[in-house]
Amino acid sequence: MPRIKEQELKAELAKRGFESVSIKRELPGRRIQVEANKLYPVHVEAGESIYAPVPVSLSVELDARGRVKSIAGDTPTPAAVTDAARYIETLRDSGQLTSTGEQQSAAGMTHQIERDEQGLQVLRRKRFSIS
Amino acid sequence: MAKKRSKRAPKTSAPRRKRKGKAGAAVPRRAQPKGVINAWEDDPGAGAQPSGGQVIQRPVPDLRDQPLPIRIAHPASAPEAKPHPPGTAEFRYWTAAEALRRGADFWRALLPAPSWEVGSILPVDLDFGVDLNAFYDREGLKFFHGSAAGRTVFSGESPDVVCHELGHALLDSFKPQLFDAASIEVAAFHESFGDMSAILSALQLPSLREGVLAETAGVLRRSSRLSRLAEQLGWAIRQSVPSAVEPDCLRNAVNTFFYRDPDTLPTTAPATSLSSEPHSFSRVFTGAFFEGLAGMLATTDTKNEAALLQVSQDMGTILVEGISSASVVPTFMSQVAASMLAIAATRFSAQGYEAPLRSGFVRHGILAPSMAVAATHAPVRAAAVAASTEPTTLPRLQLSVAEYGLGVPSIVVYAAAEPKRLQVAGAALAVGPAPSAGQDQAAKSFFEDLLRRGRLKVAKAAKSAAEVVRAAAPSTHESYTHELRREGRQMVLRRVRIDCGFDHR
């Protein structure tokens with residue numbers, strides 16, 4: 001098993017659209033199990049897709065030098081996508097979700113849909129609240 | 001009015017694990033400030049009232065203590081460290097500082113490499129503006145003030161609220177993936193962890209341990225100042241939206257909420273019902289946790305204040321390790337629960353924590369009974385259904401129950417002997433010789449419900465694996481409603497009594 005260079009691996013996975021990467025365990029065959037969030041279109045509002053960070057469990061194959069050779073399992077499961085869509089609905093109904101341009105300090109707001117540098121509308125948590 | 005409580009002498013406590021810093025290295029402690037300050041024990045309010053909380057005296061906290069240092073950024077300067085009267089800004093500062101330090105001290109002893117996600121130090125704003133709320137974001141903690149019925153409430157004055165928000169920051173420090181994950185259960189679990197942080201941090205106070213044991217007569221599962229979270233903030237919210245909170249607090253860890261697929265729940269609901277809104281749904285896990293905690297205390301020999309301290313620290317360990325190893329999937333709560341059971345079984349087998357924890361998770365529906373058994377006794381024994389060919393004059397079902405760890409592969413249920421719920425399956429049996437999958441499922445559902453509610457008497461040999469203990473079960477007499485009896489070559493489910501008591505649990 002090549003030595004895992006954690007920071008390099010996280011940087012490489014970040015380039016491929018994975019966020020909050022954590023290494024779970026080493027697997028046979030130069031593979032490692034990684035958990036991360038991936039931006040994925042889960043919902044449509046006003047004809048435009050809303051992307052959300054959906055949890056995925058990846059199996060990353062490394063080459064002899066410890067670089068990413070291949071990735072399996074990088075697509076969220078249908079259950080996870082459904083969960084994310086329902087989550088957006090819940091946030092919207094309970095007044096915890098605002099969109100870009102709306103007052104960010106609105107009472108009870110925990111999430112915002114904002115446009116990222118690639119022009120995608122992305123659900124982002126801003127904070128946790130106690131109620 | 002707040003009652004002044006005399007400072008209690010330190011009690012003999014179970015030994016704490018050695019404080020560790022990053023990578024497990026021992027961290028030298030700074031010289032501790034001298035003197036004492038006044039602080040709320042857990043909240044300024046008591047029950048349904050906005051006042052009446054207990055004032056205690058505590059050593060002056062050092063927020064810069066490593067690891068997990070904290071800085072109160074607003075107000076910018078600390079008032080003189082001495083006992084100040086409640087109702088003053090100085091008192092509010094020190095009660096918040098004390099809760100922050102106590103909560104961070106509790107968790108940092110359990111984390112392998114404690115450090116804040118927000119940076120080297122956690123900034124705290126004790127009065128960020130007007131709101132009946134408190135926040136954790138990746139800048140720090142923010143507390144507010146708001147008015148209700150002519151009274152100004154400061155959320156940062158409540159140790160419950162402070163340790164809830166601190167819990168978010170701590171969970172974010174060792175499982176940062178959860179912060180942004182778009183998942184109902186993940187978000188609800190984060191809220192539950194905040195409440196669990198408030199409960200476990202409160203239990204680090206000797207005076208609270210003594211107080212709650214006295215208040216509940218040693219039966220921790222009863223609603224108490226420990227289970228009631230944020231009484232004063234709950235009161236303030238109740239003045240304008242009564243249905244949004246509990247009648248006597250913001251949320252109560254003693255509850256009977258039962259897990260449901262959040263996809264089947266409404267997105268909002270009054271506090272009396274469950275919804276998929278994260279704070280609402282969080283109560284399922286918190287309820288199971290609290291029941292497990294109470295059961296863990298009940299397994300100790302002394303059941304006293306020192307035992308309660310040890311149980312709280314063991315529960316913290318089980319939680320942290322369970323969360324760390326749990327996979328982040330839509331059914332995250334069951335993942336954490338199963339991991340916690342496995343850790344309890346391996347790390348704390350001598351203490352016998354597994355059974356009460358399992359009971360809590362099963363009784364709140366977070367784990368199905370079979371899944372709970374599998375979590376600690378994997379691999380699950382293969383189901384073995386031995387279909388009976390013996391003639392009988394009664395409609396019956398042969399149920400496979402191997403997965404429940406009862407020591408028998410299958411049982412017979414006589415439909416005519418069972419009450420309403422199984423009569424449905426029995427009546428359906430009358431139109432056909434073999435039960436359909438749906439009928440079988442209904443009978444199984446009935447059986448599992450008995451097990452889940454702790455209403456099935458489990459044979460002694462199978463108790464450790466399969467018994468679900470009702471926290472409210474009387475100790476002086478049996479109160480099961482059903483048992484498995486050997487009748488010839490079959491194990492048969494028989495009702496032994498009808499319970500008309502008022503024990504809704």
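Only this structure's heavy atoms are used, side chains among them; waters, hydrogens and symmetry mates stay out. Nothing here was measured: the structure is a model prediction, and the numbers come from that model. By convention in this document, chain letters (A, B, ...) are assigned in the order of the sequence lines, proteins followed by strands, and residues within each chain are numbered from 1.
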Colleague: Can you tell me how far apart CG (B/Leu229) and OG (A/Ser131) are? Round to the nearest 0.5 Å.
Modeller: 10.5 Å
Colleague: Would you compute the distance between atom CD of B/Glu277 and atom OG of A/Ser94 and round it to the nearest 0.5 angstrom?
Modeller: 5.0 Å
Colleague: What part of B/Leu250 lies closer than 4.5 angstrom to a heavy atom of chain A: side chain, backbone, both or neither?
Modeller: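 Side chain only.
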Colleague: Would you mind telling me which of A/Thr90, A/Leu123, A/Asp93 has the largest number of heavy-atom pairs within less than 4.5 Å of chain B?
Modeller: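 Answer, by heavy-atom pair count under 4.5 Å with chain B: A/Thr90.
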Colleague: To the nearest 0.5 Å, tell me how far A/Ile130 CD1 sits from B/Phe143 CZ.
Modeller: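 Nearest 0.5 Å value for the CD1-CZ distance: 8.0 Å.
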Colleague: Which pair of heavy atoms, one from A/Tyr87 and one from B/Ser183, lies closest together, and at what distance?
Modeller: CD2-N, 3.6 Å
Colleague: Specify the closest pair of heavy atoms between A/Lys24 and B/Ser327, including all atoms of both residues, with the distance to one decimal.
Modeller: NZ-N, 4.5 Å
Colleague: Which pair of heavy atoms, one from A/Arg124 and one from B/Asp180, lies closest together, and at what distance?
Modeller: NH1-OD2, 2.7 Å
Colleague: Measure the spacing between OG of A/Ser20 and NZ of B/Lys175 and express it to the nearest 0.5 Å.
Modeller: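 Spacing of OG (A/Ser20) from NZ (B/Lys175) equals 11.5 Å.
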Colleague: Using a 4.5 angstrom heavy-atom cutoff, name the option from B/Thr331, B/Ile237, B/Val328, B/Thr268 with the most pairs to chain A.
Modeller: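 The residue among B/Thr331, B/Ile237, B/Val328, B/Thr268 with the greatest pair count is B/Val328.
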Colleague: From A/Arg86 CZ over to B/Thr264 OG1, what is the distance, rounded to the nearest 0.5 angstrom?
Modeller: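 Interatomic distance, A/Arg86 CZ to B/Thr264 OG1, rounded to 0.5 Å: 8.0 Å.
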Colleague: By a 4.5 Å heavy-atom criterion (distance strictly below it), what part of A/Ser57 contacts chain B: side chain, backbone, both, or neither?
Modeller: neither
Colleague: So which of A/Ala52, A/Ala79, A/Ala36 has the biggest tally of heavy-atom pairs under 4.5 Å with chain B?
Modeller: A/Ala36
Colleague: Is the number of heavy atoms from other residues, nucleotides or ligands under 6.0 Å of B/Tyr259 OH greater than 12?
Modeller: yes
Colleague: Identify which of B/Leu132, B/Ile184, B/Val130, B/Asp137 forms the greatest number of heavy-atom pairs closer than 4.5 Å to chain A.
Modeller: B/Ile184
Colleague: Counting heavy-atom pairs closer than 4.5 Å to chain B, which one of A/Pro55, A/Ala84, A/Pro53 comes out on top?
Modeller: A/Pro53
Colleague: Given heavy-atom pairs under 4.5 angstrom as the criterion, report whether the side chain, backbone, both or neither of B/Ala187 touches chain A.
Modeller: both
Colleague: Can any side-chain N or O of B/His168 pair as donor or acceptor with the backbone N or O of A/Arg127 at less than 3.5 Å?
Modeller: no
Colleague: Quick one: what part of B/Ser276 sits under 4.5 Å from any heavy atom of chain A, side chain, backbone, both or neither?
Modeller: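 It is both, since atoms from each part get that close.
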Colleague: Relative to chain A, which segment of B/Ser280 carries a heavy atom at a distance below 4.5 Å: side chain, backbone, both, or neither?
Modeller: neither
Colleague: Nearest 0.5 Å, please: how far is CD in B/Glu165 from CZ in A/Phe128?
Modeller: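 So the gap between those two atoms works out to 9.5 Å.
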Colleague: For a quick test of reading the model, state the closest non-hydrogen atom pair linking B/Pro278 to A/Gln96 and the distance between them.
Modeller: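 B/Pro278 and A/Gln96 have their closest heavy atoms at CD-NE2, 4.3 Å.
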